[in-house]
Amino acid sequence: MAIKVVYLGKLAEIAGRDESELVPSSGVLDWADLAEMLRIHVNPQISDALCDERTVLALNGAVLPDKHSLEARHGDEVALLPPVSGG
Amino acid sequence: MAIKVVYLGKLAEIAGRDESELVPSSGVLDWADLAEMLRIHVNPQISDALCDERTVLALNGAVLPDKHSLEARHGDEVALLPPVSGG
Amino acid sequence: MFRDIRLIGAAFDPNSAVDALSAATPGAGGVATFTGKVRVTGGVEALELSHYEPLTLPGMEQLALQAEKRFDLLGLVIIHRVGRMNRGEPIVCVSAAAHHRRAAIDAVDFCMDHLKSAAWFWKRELRAGDWHWIEPRADDYADLARWDAK
Amino acid sequence: MFRDIRLIGAAFDPNSAVDALSAATPGAGGVATFTGKVRVTGGVEALELSHYEPLTLPGMEQLALQAEKRFDLLGLVIIHRVGRMNRGEPIVCVSAAAHHRRAAIDAVDFCMDHLKSAAWFWKRELRAGDWHWIEPRADDYADLARWDAK
């Protein structure tokens, strides 16, 4: 029942790791669960960064138009994407 | 008392040569002299091309803002420049 | 349509990619290219670009399709370095071949603006021994916005 | 300010000029380049560019000064071929190095627009055994006019 959470860019630095595994008791990880579980199992800073309006979520490689609509299940990959800076 | 006239681009084709030498009797070649002498000593087509409003004149490497103001003397070089097309 | 869209983890030679584009587009009247590199001067000791596999390359391919749709191109190269790179090394090379120069130059401009502030890369620079995350400059967002208005 | 402004009577390699520019501008974040070439396909067998010594190179040097004044550049290359050239050969290469990509790309754009319709070159193409003089396209004049409006 594990969901993989991936931290990109400076969020990996804030989380202190590149990825985590979360196992929600209900089997489904929604937005509130994610914020809560990151706060408890990782650290409050990464939970705050998740809530930053510039942080975007992707579920299995597809960006969510509304991150608050997250619904992740076993085997899914959730990515936390801070503002990009390429080139 | 010779003035060198240089033909650029398709004007060389019209004139049938790359350059001519003109010797005006007064010692000074003005616009009317140039049109007249090209007509007589080269051919009417190049004289017509000179009068084409898109043809520009340069005197000793400097473009004349008004080609009708030409005044060339012995040793001068007059260039007939048709519309450019580079790159 | 010649297309060379790549993420690359080691130093690369933009010239060979551009030459291949040029050779593959015999009908092109011109090739426009932009190569971005790690500045040799200015205090940046190294640069690291991270990406997210499921999004980054697909996003670049999507960008190439947009550019091809928008501009009259015969070929397009988008090569982006990832990982850690040193001073003077190329970071990105965008090159477009077209019948006419306007399409080629505009396509490069368009792709670079999108790569700078709308592609899935995260950049940090090593300065005086410390890593600093870089966000797009305000200019980058303004450059990107130009294409919406057109 | 690195500057390489040349008329050249034989085939040349744009890459070596661009590499020299890049090497000479260690503070540059990027290099933009446009290379125009004789199309391999399309019926043009050869191309001939004539110029007028007292005007053409001084005009290119003047253009470089205008570009340097207008854009924040670290280096500029303008190389233009003259004489007869064959299919696939480069005709012109303009390359600009700058701190930021916008200045580099815009400078290349600016110089190409001016070289196309406001520089002292006359072009003719050999098609089916006959030479045809080429005049700038309406698009070329329109491209040039953009810079007056800015």
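First the proteins, then the strands, lettered A, B, ... as listed; each starts at 1.
- Of all heavy-atom pairs between B:I46 and B:N43, the closest is N-OD1, 2.8 Å.
- In this structure, D:E125 does not pair ionically with D:K123, as no charged nitrogen and carboxylate oxygen lie closer than 4.0 Å.
- Inspection of non-hydrogen atoms places B:R54, B:V56, B:A58 of residues 48-59 of chain B under 4.5 Å from chain D.
- Applying the salt bridge (charged side-chain N to carboxylate O under 4.0 Å, His left out) rule to pairs touching residues 84-93 of chain D yields D:R81-D:E89, sequence neighbours excluded.
- Using a 4.5 Å heavy-atom threshold, the side chains of B:L8 and D:W122 count as touching.
- With ring centers used as reference points, D:W147 lies under 6.0 Å from D:F110.
- Of the candidates D:V92, D:I91, D:V82, D:F121 forms a side chain to side chain contact (heavy atoms under 4.5 Å, CB included) with just one, namely D:V82.
- The contact list for residues 53-66 of chain D toward chain B, using heavy atoms and a distance under 4.5 Å, reads D:P54, D:L55 by residue number.
- The side-chain heavy atoms of B:L29 and B:V23, taken from C-beta on, include no pair separated by under 4.5 Å.
- By the side-chain hydrogen bond (donor to acceptor under 3.5 Å, both in side chains) test, B:D33 pairs with no residue at all, sequence neighbours left out.
- At a threshold of 4.5 Å between non-hydrogen side-chain atoms, the residues B:L80 and B:L38 count as touching.
- The part of D:W133 that comes within reach of chain B is its side chain, from C-beta onward, which places non-hydrogen atoms under 4.5 angstrom from that chain.
- Aromatic rings of B:H68 and B:W31 (six-membered ring for Trp) have centroids within the 6.0 Å cut-off, being under it.
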